[in-house]
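We count residues from 1, following the sequence as given.
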Amino acid sequence: MFDISYEFVDKQVNFTKIRLNNKLEIIFSNLGASIFEIKLSDKSSRLENILVSPMKEIWLKDRTFAGSIVGPLAGRYAVNHTQLEKNRPPIHFHGGSNGWDKHLWEQSIIEETNQISLTFSYFHLNYDAYITYTIDSDCNLMMEIDVQPKIEMYINPTNHMYFNLNGSAFLPVTNHLFQIDSNTVFSECNGLIQSSFPDLVPESLDFHTLRSLNLLEQNNGINHTFQFGKNHSGILKHPTNGRQVIFKTTLPSVVIYTFNSQQETFSKNHVLYPIYSGITFETQYPANQLGIVTFTPLHPYYSKTTYNFSVKEDEDVTKNDSY
């Protein structure tokens, strides 16, 4: 059922490919405890990459967060009187200059009849961190993040995958359909969340029912933190090829970012990927609220986010699926 293969870049960095029949193929890396590539079949049985990232040689050299675990503190934070690094002055950003995305993680794998689990471990003086990815026979990818702090510390990691169900990063996601279990969003000033109480979403950001992303161009994209409702879920669908991703999490919020500007490292054959070529589901606690991301040895961090990958055959793509 599962095929496993390995690519060793050098004595330290490796890529692990796990393939489930001809439906799903995921490539992981111990660099940044990352998901480098996800190939998903479509209605025509074409297996294509649905993640957006730089070419491998650039990804290895220039860490761009794409597909990697961002931590221990993802997002933007006012430093104030803390010891947080001002790596993007005057704020702390995405784990600092030596964040988890830049680390080499220890790797182990457990194979069972109907699932495979890949665990990345990182042992620090102040904490032990474990990222476990599990793929099962129903095309579910489960991501569990378990951090055991040895001191009181701030912890708010996430995965920074960019999804694009077109199968090509040169085609923007403006043709996708998107739905999220949320009707509130956190307001920001200078990129920082200002209040622990979110506001009602404006009409332009209202995706509580399935809605086209063709509005990205008129709204200059999405770069917002949404607070989940009771289901903590979302759906991304392609309108014609049948590909669909449903995500569900134990975390209270998610950052949705739609690649609102071109980036030099995101290109192929020296051609930059266009704006809106990807969309993130960065499940996490809302940033810039250090009180809710303070963890201790008696209060460790744990979260679980599940992605279900499927192909819908010739149905009404505007129909809402059950979360």
How many angstroms lie between CD in E144 and OG in S303, if you round to the nearest 0.5 Å?
-> 8.5 Å
Does N22 CG have over 12 foreign heavy atoms under 6.0 Å away?
-> no
Under 6.0 Å between ring centres, would you say that holds for Y6 and F15?
-> no
Heavy-atom closest pair (V52 atom, G278 atom, distance to 0.1 Å) is CG2-CA, 4.3 Å
Assess whether atom NZ of K17 is packed by more than 12 heavy atoms of other residues, nucleotides or ligands within 6.0 Å.
-> no
Do F266 and Y162 have their ring centres less than 6.0 Å from each other?
-> yes
Heavy-atom neighbours of K86 NZ exceed 12 at 6.0 Å = no
Residues passing the ring pair (Phe, Tyr, Trp, His ring centres under 6.0 Å) test with Y302, sequence neighbours excluded, are none
Does the pair F65 and H94 meet the rule for a ring pair (Phe, Tyr, Trp, His ring centres under 6.0 Å), with working shown?
-> CA-CA 9 Å; F65 304 116; H94 273 358; 4.8 Å; yes
With ring centroids as reference points, do F28 and Y133 lie under 6.0 angstrom apart?
-> yes
Could you tell me whether E37 and K56 make a salt bridge, using a distance below 4.0 angstrom between a side-chain N and a carboxylate O?
-> no
Please answer: with hydrophobic residues joined when any side-chain heavy atoms are less than 4.5 Å apart, are I18 and L47 in the same cluster?
-> no
Kindly indicate whether the side chain of I69, heavy atoms from C-beta on, has any atom under 4.5 Å from the side chain of T158.
-> no
Under the ring pair (Phe, Tyr, Trp, His ring centres under 6.0 Å) test, residues paired with F228 that sit two or more places apart = H232
Tested for side-chain contact (heavy atoms from CB on, under 4.5 Å) against V147, the lone hit among Y122, F295, Y301 is Y301
Between F259 and Y273, is the gap from one ring center to the other below 6.0 Å?
-> no
State plainly whether the residues D128 and K150 are in salt-bridge range, i.e. N to O under 4.0 Å.
-> yes
Do the side-chain N and O atoms of N175 and N214 include a donor-acceptor pair separated by under 3.5 angstrom?
-> no
